[in-house]
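Counting starts at 1 for both ligands and their atoms, following the listed order. Only heavy atoms go into these numbers, but all of them, side chains included; no hydrogens, no water, no symmetry mates. This one's a predicted model, so the numbers in the text were calculated from it and none came from an experiment.
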Amino acid sequence: MYRTHNCGELRMSHVGEEVTLSGWVQISRDLGGLTFVDLRDRYGITQVVFNMDENAELCQQARKLGREFVVRIKGKVAERSNKNANRPTGNIEIEASNLEILNASKVPPFTIENETDGGDDLRMKYRYLDIRRKPVMENLMFRSQLAIATRKYLSEGGFIEVETPVLIKSTPEGARDFVVPSRMNQGQFYALPQSPQTFKQILMVGGMDKYFQIVKCFRDEDLRADRQPEFTQIDCEMAFVTRDEVLDTFEGLTKHVFKELLDVTLADFPKMSYDEALERYGSDKPDTRFGMEFVELTELAKGHDFPVFDNSEYIVAICAKGAADQYSNKDIKKLTEWMQRPQIGAKGLVNIKYQADGSVKSSVGKFYDDATLNSWKETLEAENGDLVLILCGEKEKTQKQMNELRLEMGKQLGLIDPMQFNPLWVVDFPLLEWDEESERFHAMHHPFTSPKKEDQERMLTGDHETMKALRADAYDLVINGVEIGGGSIRIHDRALQSRNFDLLGFSKEEAEDQFGFLMGAFEYGAPPHGGIAFGFDRLCAVLKGQNSIRDFIAFPKNNQGRDMMIDSPSYIDETQMSELALESTVSAES
Ligand code: ASP
């Protein structure tokens, strides 16, 4: 028997018992007469003590144990004289009578502690060691609990989990596909799903009524902390539903998992239109944990012979409460430089300080007298002591820049509580987005999204300008400024779907070739349907108040899309290449 108990289990009630434990050596401390070994497994850490006087040979053996050796220890549970209140097992220790090394270990390349000295790539290369660390282990356990809570809620709600294929044909979800060459159909490729979108719609045509799947999706995009080339979605679809029924169901799921996993009770989620989100926060995923909302100054600020404002389409301000004193000219210069970095690209940053003593200081004081600046206070909802920051330019760009500034100021002023959760639904997205460069429309969500009922007729008959104004029955769930998921009511009518493909620049042949199966299915009694997908990795991270999804994924890839442990992607040999009828343009040698 390797163990009678695990390393997190023994308490005072076990004192006197003979036990066997197996685990990893966290650390071994030689204090002369006594040698202490901290033995660790998934469940915790237990202190083991070897006594030189009682068993010198055993004690000598214990002194030689290195970090991460795997050992089996027999001994008696005893009360500790100096207790460790920070450890659940801290009241006891094992007086060892036997020690067996089950496997030795090389010195690990980084410390297996809560805070480690290992860099990202090293931790990924030796992921098995990283997983031994408590924070990573706990994240993976949390993920498992979240999956179980999700499955329970959805299956109790009548959802059926159906697996959809991984080798498919590309779905234009907006990203690049990963492709897999077919040996039996030379020259042809499968694509890995960016999502099971078309399959779940087909399941609705098939009468499944309510579908879900916790499913891997693949997108060949540039990577960031919150993006991985393969990630997991909680993917759902429902037949005979209105938008609000979908939102209610998934608001229910979200509330359920917050309650189950964090014991947090969420209030009902507000709904905000896409337009309103942009006007108030300059973002379709606003962080509503703090205020500092946008105040448009276009009307007020123009017409005072300040050319920069006069030539701007849009002028917008945020008011940082009580911050006038906190920001010296040097601080404002720093903030301005931060805004001027190419990632943000602001031309400049105007400020007004409504000083505590009632005086006004402004970087545009030359163009605006105090009386004018004071007259803006009401619109800005500013009081003495507040700092007002202003950006101007082309509307969409300026909104994006101000969104960045607002979030940065929220951080700098400590307005963001990491353990507060502010969910909201963003609704009524535009259906189509005009892309000046390629001179074509893009689907804002995806090509299967339905326009709102009242816009359907206009979509079939309207002109170019009408198309720009169409609203979609699409929605996103946003929590703390993070897009947790999105979905839509779908088109279920062949004519409307075909019209959408026309608008998106597909020829009739292309549409038929890629989506003939779906439009064909619509002709055999497709029910009205809609659905949503949540980013499962992101949901884990948000629930745990963390930014990076990597530590919730057992084997993540690095920023170059590489798996550092198995060293993939890799070259394949010539035989494989020729079986697949592939010719290499680069090789391992070149
Ligand atoms: N397939 C969509 C996505 O991955 C979600 C949905 O519309 O249900 O974003």
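Only the side chain of Arg490 comes within 4.0 Å of ligand 1, counting heavy atoms alone; its backbone N, CA, C and O stay farther away. Contacts of Ala533 with ligand 1, taken as heavy-atom pairs under 4.0 Å, involve both backbone and side chain. The side chain of His445, and not its backbone, has at least one atom closer than 4.0 Å to an atom of ligand 1 (non-hydrogen atoms only; side chain from C-beta on). Within the 4.0 Å heavy-atom criterion, the part of Arg219 lying near ligand 1 is the side chain and not the backbone. In Gln194, neither the side chain nor the backbone holds a heavy atom less than 4.0 Å from any atom of ligand 1.
To the nearest 0.5 angstrom, Thr449 atom OG1 is 10.0 Å from Leu432 atom CG.
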One pair to check against side-chain contact (heavy atoms from CB on, under 4.5 Å): Ile491 and Arg499. What are the steps and the verdict? CA-CA 11 Å; Ile491 297 171; Arg499 168 71 172 157; over 6 Å; no

Derivation of the side-chain contact (heavy atoms from CB on, under 4.5 Å) call for Phe515 and Gln497: CA-CA 10 Å; Phe515 299 107; Gln497 187 64 68; over 6 Å; no

Mind running side chain to side chain donor-acceptor pair (under 3.5 Å) on Glu245 and Thr242 for me, showing each step along the way? CA-CA 5 Å; Glu245 285 167 306; Thr242 59; 3.0 Å; yes

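Counting heavy atoms from C-beta outward, Ile416 and Lys411 have side chains that approach closer than 4.5 Å.
Near Gly486, meaning under 4.0 Å from any of its heavy atoms, are these atoms of ligand 1: 5 (C), 6 (C), 8 (O). Every atom of ligand 1 is numbered from 1 in the order shown, and the set under 4.0 Å from a heavy atom of Gly487 is 6 (C), 7 (O). Taking every non-hydrogen atom of Ser195 and a distance limit under 4.0 Å, the qualifying atoms of ligand 1 come out as 1 (N), 4 (O). Near Gln233, with a cut-off below 4.0 Å to any heavy atom, the atoms of ligand 1 are 3 (C), 4 (O). Set against the non-hydrogen atoms of Gln197, the atoms of ligand 1 under 4.0 Å away are 1 (N), 2 (C), 5 (C), 6 (C), 7 (O), 8 (O). Below 4.0 Å from some heavy atom of Ile532 lie the following atoms of ligand 1, by number and element: 8 (O).
Ring geometry, Phe178 versus Phe218: the interplanar angle exceeds 60°, so the pair is classed perpendicular (tilted spans 30 to 60°).
Using modelled atom types, one finds no donor on one side chain facing an acceptor on the other under 3.5 Å when comparing Gln514 with Glu510.
Not a single heavy atom of Gln201 sits under 4.0 Å from any atom of ligand 1. Heavy-atom distances between Glu237 and ligand 1 stay at or above 4.0 Å for every pair.
Lys255 places no side-chain N or O within 3.5 Å of a backbone atom of Thr265 that could act as its donor or acceptor partner.
Contact record, Asp473 with Arg243: OD1-CD, 3.8 Å, taken as the closest heavy-atom pair.
Any N or O atom pair closer than 3.5 Å counts here, and Lys200 shares at least one such pair with ligand 1.
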